[in-house]
Protein chains: 2
Amino acid sequence: MEDEVRQPTDGPLYTRLRDHLAAEITSGRLAAGTRLASERALSERYGYSRLTVRRALADLEEAGLLVRRRGSGTFVAERLIRKNVRGLASFSEDMRQRGLTPGSIVLRQELVFLEEEQAQMLKVAAHEGAVCLRRLRLANDVPMALETVFLPAALCPGLVRRTDLDRVSLYEVLEREYNLSADYAEEVVEAVNASEEVARLLRVAPGSALLRIRRLTSAKDRGPFEYVESLYCGDKYSLGLNVRRLGQ
Amino acid sequence: MEDEVRQPTDGPLYTRLRDHLAAEITSGRLAAGTRLASERALSERYGYSRLTVRRALADLEEAGLLVRRRGSGTFVAERLIRKNVRGLASFSEDMRQRGLTPGSIVLRQELVFLEEEQAQMLKVAAHEGAVCLRRLRLANDVPMALETVFLPAALCPGLVRRTDLDRVSLYEVLEREYNLSADYAEEVVEAVNASEEVARLLRVAPGSALLRIRRLTSAKDRGPFEYVESLYCGDKYSLGLNVRRLGQ
DNA sequence: AAGTGGTCTAGACCACTAG
DNA sequence: TAGTGGTCTAGACCACTTA
C-alpha cells in the first residue's frame, strides 16, 4: 500500500489523510468492501494520533465512502441506492461524478436589478446591480438543466463581460478571481411543470415534470454571494440524499 | 439558564448535551443570533471535557442550528431561506412542523411479495412476505401526498391487521411495538408527471408535476427495515436542504 | 492582550464482534 | 479472548477576532 499522503503541506492533518483516502477510494485503488487497517494501525502508519485518524474517517463515513462497524472494522462502502449526492458540487463536477460530460450554452449575461426577495437574501440594496447569468446546461450534449444565477455585481466586477462562461466552471472563476468559494448553501427543492419556453429550451414536452432547485450559496465568513434557480429535466436527473437522525 | 440536561441516564454524554441544546433552540428559549457560552465555559458548567462539548456543538452546527466563528464565538443560527428540512421526520411530524394538521386515508394494507430490487434493498429473500401499506396523506384535510410503504413481514408481525393506521403514526407504532426506529435513510428525489390514477387520488390535473421521494430507512445496527415511495403534490410541497462543503 | 474556536496528542475504558 | 470502533479526559498550541 501507499503510505505517503499527497499535498503534504496543505491544511490540517486530518484533511490530508481524508483527501488521500478519498482519492484511493474514488479511484478504485481501494475497492468496495475492502477492509481498511484499524484506526490504531493507521495512526501508527501515518504518525497521527488516533483521534486525528478518526476525524478523517468520520468525514469519509459522513460522505458515504466508508462504513464503520464496531468490533469488526472499517470498510469501503458498497452503495445501497446508488448514490449521487451532490453536496456543493457545481453542475460540471456533478455531471462528471455521474460519468457525463458537462457543457454550457450562455443564454443571458447582463447586469440587472434584483427583485426584493432575492435582494434581501443576498443582502444587497435594491438599487445595487447584480450579474444575471442564464445557461443551458448540457450532459453529453443533451440539455439537462436550465440554470439562472444572480451574483451581486460588487462582488465580481468584470464578470459580466467575460466571454468564456460557456467553457469554464463559474465556480472556478469565482474562486480564483474573486475569492468566492462555496462553503454552505440552503436549497429549496420542488417539482414544477415546464412552461412552453423552458420546454423548448430543454427539448422536452410542455408540462413535463422538472425539478426546481433554488439555492442560496454562502462563502466562508463572507455571507451569501449567489442565488441560483435551476430547472432539471425530471426524466434525466435525480437527487440523492443521505439523511441521518439527529435528535433522540 | 438551565444547567441541567434532561434524560440523564441515556446514551453518550455528547448526545445528551446535544439534544438538550437542540431542544433549547427549537423551542425558542435560545433565540436566533444568541451567543452561546464558550466551549470552555460549557465544558466547566456541565462537567464534560471540552472535546465532548465540541462533539455536541459540531452535530448542531451540522444540523444547521448553530454557527461557529473562530475568535468570535458560537451562535444560534439565523435561517436565510426559512427552513423546512425534513430530516427523518415522519409525514405527521413534517406536517406539524409546517403548521398543518396531518391526516391519512388507508388505501391498501396487505401482505405482498417484493420485486427483486426492493427485496435486495431490504435484504429479504424474494419469497419472504412484506407488508404493503398505501396511504393518502392529508394536510388540513387536503390531499398532499400518496405514500406507499413496504416493510419485511418478519420484522413487524401483526402490523398488517392493525386498523388504526389512519389515525396513528406508523413510525410510532414501529418504534413502540417492534423496536424499529429510523436512524439513517438514503433518499432519491425526482420530479415526475402524475398518472391518471395518482392524479385522481391527489385531486390534481393529470400530468401535474409531483415530487417523488423514494427512501430506504435503516434502524440503528439493525439495517434497512423500510422502503417508501412518496409522491408529493408539486404545488403544495417543497423540500428544504442545508448543504455544507466537505473538502477543504 | 485576552478570549474564541480549530487542531492535535497520549492515554484510558467501554461495548461489541469474531475466531 | 483479542481486536475493533465508540467515547471520554486533560492538556497543549495555533489562528483568528475583538477591543
Side-chain angles (χ1 to χ4, degrees), chain A residues 5 7-21 33-62 65-77 179 183-184 219-223 244-245, chain B residues 5 7-21 33-62 65-77 183-184 219-223 244-248:
Chain A
V5 175
Q7 317 165 332
T9 55
D10 244 337
L13 296 181
Y14 75 88
T15 63
R16 299 184 218 170
L17 178 54
R18 180 236 284 155
D19 297 346
H20 171 65
L21 291 173
T34 306
R35 197 184 120 158
L36 266 66
S38 77
E39 296 176 352
R40 288 163 182 84
L42 289 171
S43 164
E44 192 162 359
R45 181 193 303 175
Y46 291 103
Y48 302 157
S49 81
R50 190 178 157 213
L51 202 71
T52 301
V53 170
R54 276 182 63 72
R55 174 71 195 273
L57 297 183
D59 279 3
L60 293 167
E61 183 182 37
E62 175 72 26
L65 293 177
L66 293 178
V67 175
R68 300 201 275 180
R69 284 194 272 274
R70 184 196 308 221
S72 175
T74 299
F75 303 83
V76 178
N179 190 31
D183 177 67
Y184 173 73
K220 187 132 191 115
D221 299 323
R222 291 187 62 185
R244 225 166 291 272
R245 176 100 166 216
Chain B
V5 176
Q7 319 164 331
T9 57
D10 246 335
L13 296 181
Y14 75 87
T15 63
R16 299 185 218 170
L17 177 55
R18 180 236 284 156
D19 297 346
H20 171 65
L21 291 174
T34 306
R35 198 185 121 157
L36 266 65
S38 77
E39 297 176 352
R40 289 161 182 85
L42 290 171
S43 165
E44 191 163 359
R45 180 192 303 176
Y46 292 103
Y48 301 155
S49 80
R50 190 179 156 210
L51 203 70
T52 301
V53 169
R54 275 184 63 73
R55 175 72 194 271
L57 297 183
D59 279 3
L60 293 167
E61 182 180 40
E62 175 71 26
L65 293 177
L66 293 179
V67 175
R68 300 202 274 181
R69 286 195 270 273
R70 183 196 310 220
S72 173
T74 299
F75 302 83
V76 177
D183 178 67
Y184 174 72
K220 185 127 192 119
D221 299 323
R222 291 186 63 184
R244 225 166 291 272
R245 178 104 165 213
L246 175 62
Q248 200 45 252

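Below, all heavy atoms of this structure are taken into account, side chains as well, without hydrogens, waters or symmetry copies. Just so it is clear: chains get the letters A, B, ... in the order the sequence lines come, proteins before strands, and each one is counted from 1.
Sequence order on DNA chain D of the closest nucleotides to Val53(B) and Gly71(A) puts Gly71(A) first from the 5' end.
Of the side-chain N and O atoms in Ser38(B), one or more sit less than 4.0 angstrom from OP1 or OP2 of dT4(C). At the phosphate of dG5(D), OP1 or OP2 sits under 4.0 Å from a side-chain N or O atom of Thr74(A). Note on Arg68(B): a side-chain N or O is less than 4.0 Å away from OP1 or OP2 of dG6(C). OP1 and OP2 of dT17(D) both lie 4.0 Å or more from every side-chain N or O belonging to Ser72(B). Arg50(B) has no side-chain polar atom (N or O) that falls below the 4.0 Å cut-off from OP1 or OP2 of dT9(D). Contact annotation: Arg69(A) does not reach the phosphate of dT17(C) (side-chain N/O to OP1 or OP2, under 4.0 Å). For Tyr14(A) and dT7(C), the shortest distance from a side-chain N or O to OP1 or OP2 is below 4.0 Å.
Within 4.0 Å (heavy atoms only), Arg55(B) reaches sugar-phosphate atoms of the nucleic acid but no base atom.
In this structure a side-chain-to-backbone donor-acceptor pair under 3.5 Å is missing from Arg55(B) to Arg18(B).
If you measure from atom CG of Leu51(B) to atom P of dC13(C), you get 18 Å, rounded to the nearest angstrom. Taking atom CZ of residue Arg40(B) and atom P of nucleotide dT7(C), one finds them 13 Å apart after rounding to whole Å. Here the P atom of nucleotide dG5(C) and the CG atom of Asp59(B) are 16 Å apart, to the nearest Å. One interatomic measurement links the two molecules: CG of Leu17(B) to P of dT7(D), which rounds to 14 Å at whole-angstrom precision. Glu44(A) places its CD atom 14 Å from the P atom of dT9(C), with the value rounded to the nearest Å. When rounded to the nearest whole Å, the span between CZ of Arg54(A) and P of dC13(C) equals 18 Å. When the P atom of dG11(D) is taken as reference, atom CD of Glu39(B) falls 17 Å away, rounded to whole Å. In this entry the distance linking CZ of Arg70(B) with C1' of dC14(D) reads 8 Å, nearest Å.
Comparing atom distances between the Arg35(A) side chain and each of dG6(C), dC8(D), dT4(D) picks out dT4(D) as nearest.
Remark: dT9(C) base-pairs with dA10(D); criterion is Watson-Crick or G-U wobble with both hydrogen-bond distances under 3.5 Å.
Listed here is the closest heavy atom pair of Ser43(A) and Tyr48(A): OG-O, 2.6 Å. For the residue pair Leu66(B) and Thr74(B), the shortest heavy atom distance occurs at CD1-CG2, 3.9 Å. Closest non-hydrogen pair, Tyr46(B) versus Leu17(B), comes out as CE1-CD1, 3.7 Å.
Counting only heavy atoms from C-beta outward, the side chains of Leu36(A) and Leu57(A) approach each other to under 4.5 Å.
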